[in-house]
There are 2 protein chains.
Amino acid sequence: MDDDAVFRALADASRRQLLDRLHRRNGQTLGELCEGLEMTRQAVAKHLAILEEANLVSFKRQGREKLHFINPVPINAIAERWISKFERGRLRALATLKKALEGEEP
Amino acid sequence: MDDDAVFRALADASRRQLLDRLHRRNGQTLGELCEGLEMTRQAVAKHLAILEEANLVSFKRQGREKLHFINPVPINAIAERWISKFERGRLRALATLKKALEGEEP
DNA sequence: CTTATAGGGAACCTATCGGTTACATGTCAA
DNA sequence: TTGACATGTAACCGATAGGTTCCCTATAAG
């Protein structure tokens, strides 16, 4: 799994919004995902392409329509990994930070 | 907490690497954080400024040195939030995705 | 006091990003 | 078959991101 692609994909608010929309209703077409957004269809398609490249979204052709599906695996995997990575030592880091900001040595 | 700032801060691999370094050893100076990186000190300082703006890193002046401390709160908060947000419905989304990719209707 | 060290600040450069407009393709429906 | 509809492709554009260079300030060390 490509961490970098996922982080870059999530860095844009419009793309996170698209994920939200798919989360609320999965399997939407490009046209549906465009509704109410202040962006051209082409811009939305580019965002979806980036989400697809990060494997956060998959799609399926259905006639002339393109149905988009959220892929919950990478986002959860990365979040879990980062949590477990920083969780060990989290309290210690917090204490260190607090002491430092108070002007003492940890 | 500003989600957008955190996501944008995490989008860059160099900044994630800086967080890693601080995670391995907290309280490092700017100079220490520069060691071994193929970047100028100014570039590293810019990255740290972005991490500070996202509240992922705090610092403390000590004489002419600047000590950097990781702040574990926002990263965990966002990760937890995204996990809980997508966790409900995760299995359903996975099943939907699988069926779609197999060419059937969910 | 002088000098080396740690960091700050600003101008500048280039690649990439987010977005647009214009046009092409493919598919459904009458 | 003809036209409307859903999407794809490509050229282009302004803003921003990441990085550099050059110079300045402040603290420590001799």
Side-chain angles (χ1 to χ4, degrees), chain A residues 2-22 25-54 56-69 100-101 103 105, chain B residues 2-22 25-70 100-101 103 105:
Chain A
D2 187 356
D3 265 36
D4 203 59
V6 175
F7 277 113
R8 281 206 320 267
L10 291 178
D12 187 89
S14 302
R15 288 193 285 272
R16 294 199 301 276
Q17 192 184 350
L18 285 172
L19 282 183
D20 275 349
R21 286 184 164 225
L22 283 179
R25 188 160 67 82
N26 215 351
Q28 296 186 65
T29 68
L30 174 57
E32 288 171 331
L33 288 171
C34 287
E35 287 169 16
L37 292 188
E38 297 190 338
M39 242 184 297
T40 60
R41 170 182 55 84
Q42 287 88 337
V44 175
K46 281 191 185 179
H47 283 307
L48 287 170
I50 291 175
L51 290 171
E52 288 161 14
E53 205 170 343
L56 291 167
V57 163
S58 300
F59 66 93
K60 173 200 173 191
R61 301 226 63 104
Q62 186 174 72
R64 60 183 167 181
E65 294 184 327
K66 186 177 179 183
L67 307 182
H68 298 79
F69 298 89
L101 295 182
E105 281 309 297
Chain B
D2 186 357
D3 265 37
D4 203 57
V6 176
F7 276 113
R8 281 207 319 268
L10 291 178
D12 187 272
S14 302
R15 288 194 284 271
R16 294 198 301 276
Q17 192 184 349
L18 285 172
L19 282 183
D20 275 349
R21 286 184 166 224
L22 284 180
R25 188 159 67 83
N26 214 353
Q28 296 186 64
T29 68
L30 173 58
E32 288 170 332
L33 287 171
C34 286
E35 287 169 16
L37 294 188
E38 297 189 337
M39 242 184 298
T40 60
R41 170 182 53 84
Q42 287 86 339
V44 175
K46 281 191 185 180
H47 283 307
L48 288 170
I50 292 175
L51 290 171
E52 288 160 14
E53 205 170 344
N55 201 28
L56 291 167
V57 162
S58 300
F59 64 93
K60 174 199 173 192
R61 302 225 62 106
Q62 186 173 73
R64 60 182 169 184
E65 295 183 326
K66 186 178 180 183
L67 308 182
H68 297 80
F69 299 89
I70 200 169
L101 295 182
E105 280 310 296

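Naming convention: chains lettered A, B, ... in sequence-line order (proteins, then strands); numbering from 1 in each chain. Model, not experiment: these values are computed from the prediction.
- When rounded to the nearest whole Å, the span between NZ of B/Lys46 and C1' of C/dC13 equals 11 Å.
- For the pair B/Glu65 CD and C/dA4 P, the computed distance is 19 Å after rounding to whole Å.
- To the nearest 0.5 Å, atoms OG (A/Ser58) and CG (A/Leu48) are separated by 11.5 Å.
- Nearest to the side-chain atoms of A/Thr29 among the listed nucleotides C/dA11, D/dT7, C/dG7 stands D/dT7.
- Heavy-atom minimum distance, A/His47 versus A/Ser14: NE2-CB, 3.9 Å.
- With rounding to whole Å, B/Gln28 atom CD is found 11 Å from C/dG7 atom P.
- Residues B/Gln62 and B/Thr29 fail the side-chain proximity criterion, which asks for heavy atoms closer than 4.5 Å.
- Nearest heavy-atom pair, A/Gly27 versus A/Leu22, reported as atom, atom and distance to 0.1 Å: N-CD2, 4.3 Å.
- Map B/Lys66 and A/Asp12 each onto its nearest nucleotide of DNA chain C; the residue landing nearer the 5' end is B/Lys66.
- Pairing each heavy atom of A/Ala9 with each of A/Leu56, the nearest pair is CB-CD1, 3.9 Å.
- Between B/Ala11 and A/Ala11 the shortest heavy-atom distance is CB-CB, 3.4 Å.
- For A/His47, no side-chain nitrogen or oxygen approaches OP1 or OP2 of C/dC17 to under 4.0 Å.
- To the nearest 0.5 Å, atoms CG (B/Leu67) and CG (B/Leu30) are separated by 11.0 Å.
- Rounded to whole Å, the distance from CZ on B/Phe59 to P on C/dA6 is 18 Å.
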Which atom pairs link the protein and nucleotides 25-30 of chain C when you take only N or O atoms and keep those under 3.5 Å?
unit_1 : atom_1 : unit_2  : atom_2 : d
C/dT27 : O2     : A/Arg64 : NH1    : 3.3

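- Distance CG/B/Leu51 to CZ/B/Arg16: 11.0 Å, rounded to 0.5 Å.
- For B/Leu48 and C/dA6, the CG to P distance is 16 Å, given to the nearest whole Å.
- Between B/Asn26 and B/Ile70 the shortest heavy-atom distance is OD1-N, 3.0 Å.
- Checking B/Asp3, B/Leu10, B/Asp2 one by one against B/Val6, the side chain to side chain contact (heavy atoms under 4.5 Å, CB included) holds for a single residue, B/Leu10.
- In this structure, NZ of B/Lys60 is placed 18 Å from P of C/dA6, rounded to the nearest angstrom.
- Note: CD (A/Gln17) to C1' (C/dG19) measures 15 Å, nearest angstrom.
- Side-chain contact between A/Gln17 and A/Leu37 is present, with heavy atoms from C-beta onward closer than 4.5 Å.
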Taking only Watson-Crick and G-U wobble pairs with both distances under 3.5 Å, what dot-bracket line describes DNA chain C, where [ ] shows pairs that cross earlier ones and | shows pairs with another strand? ||||||||||||||||||||||||||||||
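- Rounded to an integer number of Å, the gap from CD1 of A/Ile50 to C1' of C/dG19 is 11 Å.
- For D/dA26, neither phosphate oxygen OP1 nor OP2 lies less than 4.0 angstrom from any side-chain nitrogen or oxygen of B/Arg61.
- Partner B/His68 forms a side chain to side chain contact (heavy atoms under 4.5 Å, CB included) with one of B/Glu32, B/Glu52, B/Gln28, B/Arg21 and no other, that one being B/Glu52.
- Applying the 3.5 Å distance criterion, the base of C/dG9 shares a donor-acceptor pair with the side chain of B/Gln42.
- Against DNA chain D, the stretch residues 30-41 of chain B makes heavy-atom approaches under 4.0 Å through B/Met39, B/Thr40.
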